[in-house]
Amino acid sequence: MKREIPLVITFVVGVIIILDYFFKIGIGTLSLATVSMEIQNWTLIIAAFALGLAAVNLLRIHSANIRLKRPGWYNSLALIITMVIMSFVGITQGTNSPLYRYWYTGFLVPVDATIFSLLAFYITSAAYRAFRARNVDATILLVTAFVVMLGRAPVGELIWKDVPRVTKWLMDYPNMAGQRGIIIGAAVGALSLGLRILIGLERSYLGQD
Amino acid sequence: MSIWQRLLNIDRRIVYLFLFAFISLPLLVPIGLPLTISPETRAIYDYIEKLPEGSVVVVSFDYSPSSYSEQHPQAVAVMNHLMRKPGIKIILVAFWEQGPIMAEEILRTIDTHGKEYGKDFVHLGYVAGGETAMSAFAADIHKTFPVDYRKNPIDSLPMMADIRSAKDISLLISIAAGSPGVPEFARQIQGPYKVPFAAGLVAISVPITMPYMQSGQMFGLMAGLRGAAEYEQLLNMKGKGSIGMDAISFSHIVVLAFILIANVAYLANRKGGAK
Amino acid sequence: MYQGRGFILVVFVVLSGAIFYRIRLARTGKVPYLRKLAGVSAIEEAVGRATELGRPIVFSPGIAGLGGEYGAQTFAALEILGYVARTAAKYDTRIIVGIRIPEVLPIAEEIVRSAFAAEGKLDRYNPDDVRFLSQAQFAYAAGVMGIMERERPGATFLIGGFWAESLMFAEVGNSIGALQIAGTANLHQIQFFVAACDYTLLGEEMFAVGAYFSGDPVKKAIIAGQDFGKIIAIFLIVAGTLFATFGLESIVNRVINW
């Protein structure tokens, strides 16, 4: 029963959502759209509970780090302190309060943006390593990357004024054609996986048999 | 180890150092490289310019601090344009939970050109649920947001008296960093209600969003920081987008230079090996 | 029926029909042949490498949730996690899983726990190795990169829905010399994985991996059924192009808006 009940729920919920996407079905005041909306609301509630579980997981692991004085335990301490402060201020004073805004714009925004900006460094090192004219295919990739990068920066136009036009052509045609091929394949693959889950053929998300 | 082999295996920290220097320099000493305006950005500007008085524009803040440096200048530019236009009503909304904080930051610092909160613009805040929430918002704004972000009942805001659903919206602009974003808006609001739709995007997601432009589901887009810089140029304002453009150019030069070095070294090395 | 969804319904029914037809064929013994995927064969190699080096495996199932259009990628990642965890348990190799979406946490915990149980090594399962890191995208990214730097894994698996963090993970993994297997259907990230990882499962390949592992003829049949979907897509592209070329776009629009 431990496996059958989730499989039945998956099937019933899946069929309701699919039918609701295509058809307007209703009996009296009860419509399929209402049921579907209600199910989707439940997912939000379940997600909220899951967040609680996740917080417990986080606290368990990091309090153990502090208790056992594992290497870098002070990072775990910083995490727990900031988590408690942000939660407390957010719950008691709201996210529009000056104190919350101070922590948010003073700490979270710059730290988050800094991590994102690391991407520029990683792109440079990956490009340096990957774009090498090893064979014909790699050379085509290299030349295309070169032109597209030039076309995306104002300096490209100073070198050759038509670079943005060539870039646009490359992006709109060869690039788009390849992308659509992958999109179609992935969409069909996702649909097939969805069917496998719906009819209970794919149940690895429930753990091993 | 020969010079070519060394150039083939430059320590990544040296690569990072060069990039850091070349990004920082133009930020400290801006050069002001010329910039052509893409038709996609201009389309948004022109559309807003032609909006008649009384039009309702929804600006959706669907990004978080991580893409702040790339997308906040887009939002600032568009909001500046909308505030400058007399008679335009603006609804700020968010389907990303951190969006309202971005919206409030703009509202605190922007020149409203005499526009008043509640009469000319409102901030409804965030609603959870992603695509489902978008669908609910489009069907009934008042039911989805009984109160605004500042805790005023929506029925107490004069501007909202006649704005009930997506049918009353003249233009939708999403500053979208990911999901929910363009595909969800296209499915839930643009498609069913035929609301003209444009977006500001992080540069990396522009190629996958182009099909929405080609199909006409979107009429305009701002691509990353460059899009923001272009919009600022159209508005004749000097914002963070314009300041960042030189840094972007320089960073591209560094990447291209390292690719060139690697390839020259690779070919020279191969030639040497073949002898 | 809602306007604009009739055509999608037809495609959905035809494609599902093709898949069910292939399942019926498989049940009568006609099992289709699946070509080998380099990324799939490399999964065992990666676990083996981590075992030889005496280092752990780091697995990230991406940052997408369980619902919406990206949900399928997370399910595919969890399917692969089950196989990787079981292989790791077999070789007594530690597996660390970094989670961003809270709903995925209990599922990933159960998958890893039951994989160790299935190998009769429940005592080797460490619940602290399936870790929720943060819901914030870049806090999660920092968490995974930190784990990679500290634990120096022998192999990393980056499979699921990834966005800007993809290249960060792949580059850090590369810098520590881990064998990296990646997979995503997020188009704008595929190139980063291809550039920085050893093997990449491209789009639909990621969804097909479960069928490869199980050896189940019915699952294989479903993969073969997918090909029919692609044939439909090719047919529609050609038809649409012809209609557009001859100025008959109104017919295409009428079909799409049905």
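Quick note on labels: first sequence line is chain A, next is B, and so on, each numbered from 1.
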Notebook entry, point to check: Which residues in residues 189-210 of chain B have any heavy atom lying under 4.5 Å from a heavy atom of chain C?
Noted result: B:I204, B:S205, B:I208
Note to self: Quick check on B:Y47: does its OH atom have over 12 non-hydrogen neighbours (other residues, nucleotides or ligands) under 6.0 Å away?
What the structure shows: yes
Check: So what's closer than 4.5 Å to chain B heavy atoms on C:E171: side chain, backbone, both or neither?
Finding: both
Check: Which value, rounded to the nearest 0.5 Å, describes the distance between C:Q137 atom CD and B:Q98 atom CD?
Finding: 10.5 Å
Next item on the list: Assess whether atom OH of B:Y126 is packed by more than 12 heavy atoms of other residues, nucleotides or ligands within 6.0 Å.
Entry: yes
Check: Heavy-atom count around C:R254 CZ within 6.0 Å, excluding the residue itself: above 12?
Finding: no
Check: Which bit of C:Y70 is near chain B, if near means a heavy-atom gap under 4.5 Å: side chain, backbone, both or neither?
Finding: side chain
Next item on the list: Mark yes when over 12 heavy atoms from residues, nucleotides or ligands other than B:F20 sit less than 6.0 Å from its CZ; otherwise mark no.
Entry: no
Notebook entry, point to check: Counting heavy atoms not belonging to C:E249, are there more than 12 under 6.0 Å from its CD?
Noted result: no
Checklist line | Inter-residue atom distance B:S66.OG - C:W163.CH2, 0.5 Å rounding | finding: 12.5 Å
Next item on the list: Please state whether the side chain, the backbone, both or neither of B:S64 comes within less than 4.5 Å of a heavy atom of chain C.
Entry: neither
